[in-house]
Amino acid sequence: MLTLNETDTDAIAAAHNERAHRNESYAALVWRRFRRSLTGMIGFILVILLVLMAIFAEFLSPLGPRETYQSFSPPQTISFSDQDGSYSIFPRVYGMAETDELDPVTFQPIVGPDYANPHYLGFFVRGSEYRLFGLIPMERRFFATTDGTPVHFLGTDKFGRDVLSRAIHGSRISLAIALSVVFIITVVGTSVGLVSGYYGGTADAWIQRFVEVVLAFPQLPLYLALTSLIPVTAPTHIFLGFVVVVMSALGWAQMSREVRGKTLALARIEYVRAAMAVGATDTRIIFQHILPNVMSHVIVAVTLHIPTVVLLESFLGFLGFAVKPPLISWGLMLQDTATYSVIGSYPWILAPVGFVLVTVFAFNALGDGLRDAVDPY
């Protein structure tokens, strides 16, 4: 009977893996490379969590975003211990109450945790009524107090609104603006870049001069000037749509430049010239031969453009030129941090900055991982 030694087994396994890799599709190859990137996978998971947070904002927020309580209430920390120091597996929060001790300067009662009345926390507990997706009436909250007592994990703002709940709801507007702007930028920039790079000649020259004019505009002053044209009394959806259009109109040019460079190189490859020789139409060549080979770069560019739009929306929202109440966005929430005294006294209102940083890191990490997977060389 013939037996295989360890060397022969390794050789057979290597040959089997080589045949499997040779037969896998391009998407499977990219996914296999992408899984090796730790930062890329972290970014991918964070992006999924951000999207889920935006979709199920009502369910994930512990309170309603417009419910008011005590203004500038500090964050409540989750505790697993009682007043006597004994530990428990059940998480809880303690409200704030006046103690018997007096402040030595103001002689006012010192406010501290009310250990006598713990509020236990739980998953899928009953809370205030809301409508999931604006349609389905529900009372269950993902994580809140079991007795229905309001809990502020990130404190409250100057109007007494829960910062965490508003930040979760703000993700919906901020990500919607970013995705809408990037979608328009991608469609317009890719189309212009394909046409310019494929036809070349006089058409390419005129298109590139127009692209250079768009790129030459100082974007920030132009953003402020264009958004200020909308009156303050305009409906919220009109103002929001105008902001999306302005951001898209000034952001497509760079994408078109990148796609044009790729198209110029692909238009001279043998299979494209062969398609021209057999009489294929320009539309068929662009959409079936060039566009699929450009899409890998476009997908990576999209993941890297989204953080830029999120930062721009946050900056414009901070200045009051992006989103108007009653809508909620991270930039609009940062308007409360306009004065140094407020930040020094109530630092928890800077919490939306953390959401912006996580979003920017997630999409940048995802884009870097995709870039390495698409073009490992």
Side-chain angles (χ1 to χ4, degrees), residues 50-51 53-55 57-58 60-69 71-73 75 130 134 152-182 219-220 222-248 250-251 306-343 345-360 363:
L50 286 170
V51 173
M53 180 179 67
I55 295 175
E58 295 91 354
L60 295 176
S61 57
L63 298 169
R66 295 178 179 85
E67 297 177 5
T68 57
Y69 304 93
S71 62
F72 289 126
S73 177
Y130 63 93
H152 310 292
F153 295 111
L154 294 180
T156 60
D157 60 7
K158 61 182 178 181
F159 296 113
R161 299 170 298 190
D162 186 61
V163 173
L164 176 59
S165 300
R166 289 180 61 80
I168 293 175
H169 280 78
S171 65
R172 180 173 292 176
I173 297 297
S174 296
L175 292 179
I177 292 176
L179 294 176
S180 301
V181 171
V182 171
Q219 293 194 2
L220 181 57
L222 193 59
Y223 280 127
L224 302 180
L226 292 177
T227 51
S228 62
L229 295 177
I230 298 294
V232 180
T233 57
T236 304
H237 65 278
I238 293 180
F239 191 91
L240 190 60
F242 185 78
V243 170
V244 171
V245 171
V246 170
M247 290 184 181
S248 304
L250 298 178
I306 291 177
T308 303
V309 179
V310 171
L311 288 173
L312 180 60
E313 185 278 329
S314 300
F315 178 70
L316 294 178
F318 173 76
L319 297 178
F321 290 98
V323 176
K324 300 292 184 182
L327 295 180
I328 307 170
S329 73
W330 293 332
L332 185 63
M333 292 179 64
L334 290 175
Q335 285 185 352
D336 295 337
T337 65
T339 58
Y340 178 77
S341 60
V342 173
I343 298 176
S345 302
Y346 317 109
W348 56 85
I349 62 175
L350 287 171
V353 175
F355 285 85
V356 174
L357 291 178
V358 171
T359 303
V360 171
F363 281 100

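Inter-residue side-chain proximity for Phe242 and Val246 is flagged as met; some heavy-atom pair is nearer than 4.5 Å. Between Ser171 and Leu50 there is no side-chain heavy-atom pair separated by less than 4.5 Å. Contact check for Phe355 versus Met53: side-chain heavy atoms found under the 4.5 Å cut-off.
The CD1 atom of Ile168 sits 11.0 Å away from atom CD1 of Ile328, with the distance rounded to the nearest 0.5 Å. Note that CD1 of Ile173 is 5.0 Å distant from CG of Leu327, once rounded to the nearest 0.5 Å. A distance of 4.5 Å separates CG in Leu240 from CD1 in Ile177, rounded to the nearest 0.5 Å.
Smallest separation of non-hydrogen atoms from Arg161 and Thr68: CG-CG2, 4.0 Å. Ala54 approaches Leu175 most closely through the heavy-atom pair CB-CD1, 4.1 Å. Here the closest non-hydrogen pair linking Pro62 and Ser165 is CD-OG, 3.4 Å. Between Trp348 and Phe72, the closest heavy-atom pair is CZ2-O, 3.2 Å.
Thr359 pairs by the side chain to side chain donor-acceptor pair (under 3.5 Å) definition with nothing, not counting sequence neighbours. Among residues two or more places apart in sequence or in another chain, the side-chain contact (heavy atoms from CB on, under 4.5 Å) test is passed with Leu350 by Thr337, Ile343, Val353. Taking the ring pair (Phe, Tyr, Trp, His ring centres under 6.0 Å) definition, one finds that Tyr69 meets it with His152, sequence neighbours left out. When the ring pair (Phe, Tyr, Trp, His ring centres under 6.0 Å) test is applied to Phe153, the partners found at least two apart in sequence or on another chain are Phe143.
At least one donor-acceptor pair closer than 3.5 Å links the side chain of Thr156 to the backbone N or O of Ser73.
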Let me have the donor-acceptor pairs involving side chains of residues 307-319, under 3.5 Å, with sequence neighbours excluded, atom names and distances please.
{"residue": "Glu313", "atom": "OE1", "partner": "Ser174", "partner atom": "OG", "Å": "3.4"}
{"residue": "Glu313", "atom": "OE2", "partner": "Ser329", "partner atom": "OG", "Å": "2.9"}
{"residue": "Ser314", "atom": "OG", "partner": "Val310", "partner atom": "O", "Å": "2.9"}

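Judged as a salt bridge (Lys or Arg N to Asp or Glu O under 4.0 Å), the pairs with a partner in residues 163-179 (not counting sequence neighbours) are, in order, Glu58-Arg172, Asp157-Arg166.
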